[in-house]
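Below is one structure, written out as structure tokens; the observations come after it.
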Amino acid sequence: MKHIDAPAWAPTAVPLPNCGAAGRPAARGSPTRLFPGLALACVTLATVTVQAGSLDAAAERYRPLMAEEIDRSLTGARALRDALLANDLEGAQQAWIAARVGWERAEVFTSGFTELDAEIDAWPNAVTGFHAIEAKLFGARRMDVQPETDALIFHLTDLRVKIRDTRLTAQGLLNGAAKLAYEVGESKADGGESRFSGTSFDDMRNNVDGVEAVFRIVFAAEIEGRDPKLADALRTKIDQLQTLLRVPALGRLDSNKLRAESEELIVAFQTAAPLIGLDRLSLRDLVQR
């Protein structure tokens, strides 16, 4: 996995002279007495340090849920392999669908931290991963997908190890949430990615559920403490997306409304980022997968 560096806003290891302990005035004649701007820098540094620590702790609270979802996906992939060995087409299809649930909910992580997405979930021109299997299993009702399934299991197992070893950052999770909101509104709203299996609607629902989980666990309290109205707006936008996706069939989805709501959610994430010491994600960043 690509090493995740500390975000650009994290405090440096170079100490400012004579800042003193947090909350304690600098001694008479110290640089901060002579140059008041330096005192402000000390206060700002202390504030960012506390903020970074609380956000990192919040990001760690997300790890167990993320690991649970990838384990769910891996269990489904292994069940798919068992069904293939048993020559059970319907069982294999159901196992594929089950494996997708955990993956789609965990895409907040995979979008923000890892490049394995290309091996596991590339589309529409997939030669490996979920959609290469889907095209044969559902589109052609063929079961000659054992090599692709073995590769999927390998990459999901590798991802499970990476989840354990990767240092989570709030920046990466915020980036992942915004990218996933963009994907739901811009890429999936007009029919989705899982066309052969007919589960595109479930993909979107699970994506938005994943965005809601990471917002609630990692960001809600920090944003609430700085701008309660913005925190409420983010909750409302996520809830509106979930409500739009509760219609009974994809054909009844208001894709234009879904797209508009996802764009407004992204703007709200971009607004929140600097308030909690993170970098604002650009449009170019959003479209990169």
Side-chain angles (χ1 to χ4, degrees), residues 4 7 9 50-73 100-114 117 159-160 163-164 166-185 188 201-246 257-258 260-281 285-286:
I4 305 299
W9 49 265
V50 172
Q51 186 167 296
S54 60
L55 282 171
D56 284 348
E60 277 302 316
R61 291 198 295 272
Y62 175 70
R63 190 186 299 274
L65 177 60
M66 177 178 64
E68 178 183 337
E69 298 297 357
I70 294 301
D71 279 346
R72 178 186 301 195
S73 186
R100 292 286 292 169
V101 174
W103 171 259
E104 294 296 321
R105 289 180 179 172
E107 273 199 297
V108 169
F109 167 73
T110 61
S111 293
F113 285 89
T114 178
D117 191 271
L159 179 57
R160 186 170 63 173
I163 286 173
R164 182 191 64 201
T166 297
R167 183 174 71 85
L168 295 182
T169 65
Q171 185 72 63
L173 292 175
L174 187 70
N175 291 356
K179 287 181 179 180
L180 203 52
Y182 178 87
E183 183 178 328
V184 168
K188 298 184 179 181
F201 214 14
D202 289 335
D203 288 347
M204 288 186 281
R205 287 171 175 147
N206 288 319
N207 282 163
V208 176
D209 286 349
V211 170
E212 187 280 329
V214 81
F215 168 73
R216 170 172 40 83
I217 294 170
V218 180
F219 300 108
E222 290 289 336
I223 298 171
E224 180 80 32
R226 288 159 177 77
D227 190 336
K229 289 185 178 180
L230 180 57
D232 286 341
L234 279 158
R235 290 189 189 96
T236 298
K237 291 302 174 187
I238 293 171
D239 182 69
Q240 287 172 336
L241 284 175
Q242 290 175 319
T243 298
L244 284 168
L245 292 169
R246 289 192 190 112
K257 180 67 172 174
L258 182 71
E261 293 291 347
S262 72
E263 289 172 355
E264 290 179 13
L265 176 59
I266 293 165
V267 170
F269 277 134
Q270 290 175 320
T271 302
L275 292 180
I276 55 176
L278 302 181
D279 294 331
R280 189 191 306 264
L281 200 67
D285 293 329
L286 286 173

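Quick note: numbers below take in every heavy atom, side chains included, and nothing from hydrogens, waters or symmetry partners. Numbering starts at 1 and runs along the sequence shown.
For the pair S262 and G185, the tightest heavy-atom approach, listed with the atom from each and the gap, is OG-CA, 3.2 Å. The nearest pair of heavy atoms linking A220 to A231 is O-CB, 4.5 Å. Across all their heavy atoms, R61 and I217 have their closest contact at NH2-O, 3.6 Å. Across A170 and L55, no two heavy atoms sit closer than the pair CB-CB, 3.9 Å. Taking both residues in full, the closest heavy atoms of L173 and A59 are given as CD1-CB, 3.9 Å, listed atom of the first, atom of the second, then distance. Pairing each heavy atom of L281 with each of A178, the nearest pair is CD2-CB, 3.8 Å.
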Q) For Y62 and V108, what are the C-alpha separation, side-chain angles and deciding distance, and is it a side-chain contact (heavy atoms from CB on, under 4.5 Å)? A) CA-CA 11 Å; Y62 175 70; V108 169; 4.0 Å; yes
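Here the side chain of R280 pairs a donor or acceptor atom with the backbone of Q270 at under 3.5 angstrom. With hydrogens and angles disregarded, no donor-acceptor distance shorter than 3.5 Å links the side chain of R164 to the backbone of R160.
A 4.5 Å side-chain heavy-atom check between L159 and W103 finds at least one atom pair inside the cut-off. F215 is not listed as a side-chain neighbour of L265, based on a closest heavy-atom distance of 4.5 Å or more. Two residues are said to be in side-chain contact when any heavy atoms from C-beta on lie closer than 4.5 Å; R216 and I238 fail this criterion. Side-chain contact between V101 and D202 is absent, with no heavy-atom pair separated by less than 4.5 Å. Side-chain contact check for L234 versus F219: every heavy-atom pair is 4.5 Å or farther apart. With a 4.5 Å cut-off on side-chain heavy atoms, L245 and L258 count as touching. When side chains are defined from C-beta on, E69 does not count as touching N206, because their heavy atoms never get closer than 4.5 Å.
Atom-to-atom distance recorded for I223:CD1 and L174:CG is 7.5 Å, nearest 0.5 angstrom. Here L180 contributes atom CG and E107 contributes atom CD; the two are 5.5 Å apart, rounded to the nearest 0.5 Å. To the nearest 0.5 Å, atoms CG (D71) and CD1 (I163) are separated by 7.5 Å. With rounding to the nearest 0.5 Å, the separation of CG in D209 from CD in E104 is 11.0 Å. For the atom pair CZ of R72 and CZ of R105, the computed distance is 5.0 Å after rounding to the nearest 0.5 Å. Atoms CG and CD, from L241 and E261 in turn, are 6.0 Å apart once rounded to the nearest 0.5 Å.
A salt bridge is defined here as a Lys NZ or Arg NE, NH1 or NH2 lying under 4.0 Å from an Asp or Glu carboxylate O, and D232 with K229 fails to meet this definition. A salt bridge is absent between E183 and K179; no separation between the charged side-chain nitrogens and carboxylate oxygens falls under 4.0 Å. Here R235 pairs with E224 in a salt bridge; the nearest charged N to carboxylate O distance falls below 4.0 Å.
Between L244 and the options K257, M204, R205, a side-chain contact (heavy atoms from CB on, under 4.5 Å) holds for only K257.
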